[in-house]
There are 2 protein chains.
Amino acid sequence: MLEKAALILDCFSPSGGPYRLSELSERTGLPKPTVHRLAADLVGLGWLERSGPRYLLGAKLFELGSLVPHRRDLRETALPFLQDLFEATRETIHLGVREGMEVVYLERIHGHEALRLPSRIGGSLPLTCTAVGKALLAFSGAELTEEVLSLPLPSLTPHSITDPARLRTALEKIQVSGLAYEEQEAASGVSCIAAPVFAGDNAVAALSVAVPRTRFRPAQLAPAVRTAALGLSRVLRGAGGPRSPLS
Amino acid sequence: MLEKAALILDCFSPSGGPYRLSELSERTGLPKPTVHRLAADLVGLGWLERSGPRYLLGAKLFELGSLVPHRRDLRETALPFLQDLFEATRETIHLGVREGMEVVYLERIHGHEALRLPSRIGGSLPLTCTAVGKALLAFSGAELTEEVLSLPLPSLTPHSITDPARLRTALEKIQVSGLAYEEQEAASGVSCIAAPVFAGDNAVAALSVAVPRTRFRPAQLAPAVRTAALGLSRVLRGAGGPRSPLS
DNA sequence: ATCTTTGTTCCGTGACACGGAACAACGCGG
DNA sequence: CCGCGTTGTTCCGTGTCACGGAACAAAGAT
């Protein structure tokens, strides 16, 4: 029963858009009466909302989602640095963490100029075609790198790297420089530069600046991103303590 | 069964803190084996996580919560204005909406100086003792005002307004000026100024600047807050269209 | 070493989730 | 205006699986 409720809620990933009863029934594979009953229950709990014939994710989920400790704490301590980075660049800023073989975005701030990007808070993208993802991958241990390279590389645009050899050399450069670049691999017309945030040897997060390709000036962005990432690393080291628990 | 799962998850509001099995059992009133089984199921779905003997809210909830349309869309269109406001003031910025007789915060951005405030993203506070809440209340129709005034007024600090008459005159001033003030009513040592965001006659949101009491200069903050709120109102009007559906 | 508290497993019982079928309410084209 | 496909809702008999007491195991506390 929980499982079926989860199936229903998962329909809303990643579009979030409203669905009708029969769409939910079709997408979940559950019979209509079952969806009807469960959806009603979920509405009662505030996990879904219903406006006319359409179902939407409910406010309660927003409330619960905001409380998830990992996400909330990191976002909270990172925010001042993201703001610094935004003020320094006035471009779109990302904060992301690794989850399996994907990057999950915890925060994304921007000004009035809306860049059309596939990244969304709470959403995930392949590690291999975003700057944040590459920064994370380059500092997540050799085993993960090998695993990623052994699988077919997904692509978001025609520019996404799909050649394992190219990716490998790219990762090596990132490990040396501490900076990850990406040009139109996640969205056409957008370039990106990212720096890893460390807590120990491995990256626990990464932050990036996304810029329209036409005005991408890496030399000017690099110091800002690096500074922000190092500042955050330092605060995390101090806050979590050097005793940082393994699990 | 869904209801019981919801009881468990609701234990994490508002602290979000980790709980042990028996704490969950006690807080929910459910017998231990039941909680044990449900918690295991929830972990399987990613709605809870378990580190050692402690349960935490899981990453899946963050993902789902980020998709809730009302919250996400408003937050997204408001963000550039929040950034403007932050750059102009370099103080803590809030974005909130009304939900029943409380204000729910959708966003809170700040710099390195951490103000100790009761407001949290996804969290809710009484309408009556926050600037955002008062701005919302003043423009949510007379019926709601009367209902709020007819009930005992909650307080967060000794400075919170508890006298209905005082609150009534305060609301009238807000309706005239389009600005809501609050001094140490939500947190001692912190003052706040808020402006409503309109979509039609009523406020759909409000945004505020929170400042340490000692450097609270309303005359300098007021124009900035008002400008941001009006800018957001204008964009919302344009985006949602003047045909804005009722439901 | 003993006791207390917490976590886990087991399992018989019965509540209630389940979904096919039948019905009602739309919306559309003729 | 009226059939007709689609979608939403209600009903209800069946069978399942959630339920939680009891008993056991593990971890701290004294």
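In what follows, chains are A, B, ... by sequence order, proteins preceding strands, each numbered from 1. Just the heavy atoms: all of them, side chains too, but no hydrogens, waters or symmetry mates, feed the values below.
In the helix from C:dA1-D:dT30 to C:dG30-D:dC1, the terminal helix axes, each the rotation mapping four pairs' C1' atoms onto the next four within five end pairs, subtend 50°, rounded to 10°.
Under the 4.5 Å side-chain criterion, counting only non-hydrogen atoms from C-beta, A:V204 is not in contact with A:F139.
Classification of B:R72 and B:E107 as a salt-bridged pair fails, no side-chain N sitting under 4.0 Å from a carboxylate O. In this structure, A:D10 pairs ionically with B:K60, as a charged nitrogen and a carboxylate oxygen lie closer than 4.0 Å. Between B:E76 and A:R120, none of the side-chain N atoms (NZ, or NE/NH1/NH2) sits under 4.0 Å from a carboxylate O, so this pair counts as no salt bridge.
Ring to ring, A:F81 and B:H112 are close: their centroids are under 6.0 angstrom apart.
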Does B:L117 form a side-chain contact (heavy atoms from CB on, under 4.5 Å) with B:H94? I'd like the steps, not just the answer. CA-CA 11 Å; B:L117 285 172; B:H94 288 103; 3.5 Å; yes
I need a per-nucleotide contact map over nucleotides 5-25 of chain D, read 5' to 3'. Cutoff is protein heavy atoms under 4.0 Å; write B for the base, S for backbone only, - otherwise. --BBBB-------SBBBB---
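Crowding of B:Q175 atom CD: a count of heavy atoms from other residues, nucleotides or ligands under 6.0 Å exceeding 12. Annotation: A:E26, atom CD; neighbour count of heavy atoms from other residues, nucleotides and ligands within 6.0 Å does not exceed 12.
The distance between atom OH of B:Y19 and atom P of C:dG7, rounded to the nearest whole Å, is 14 Å.
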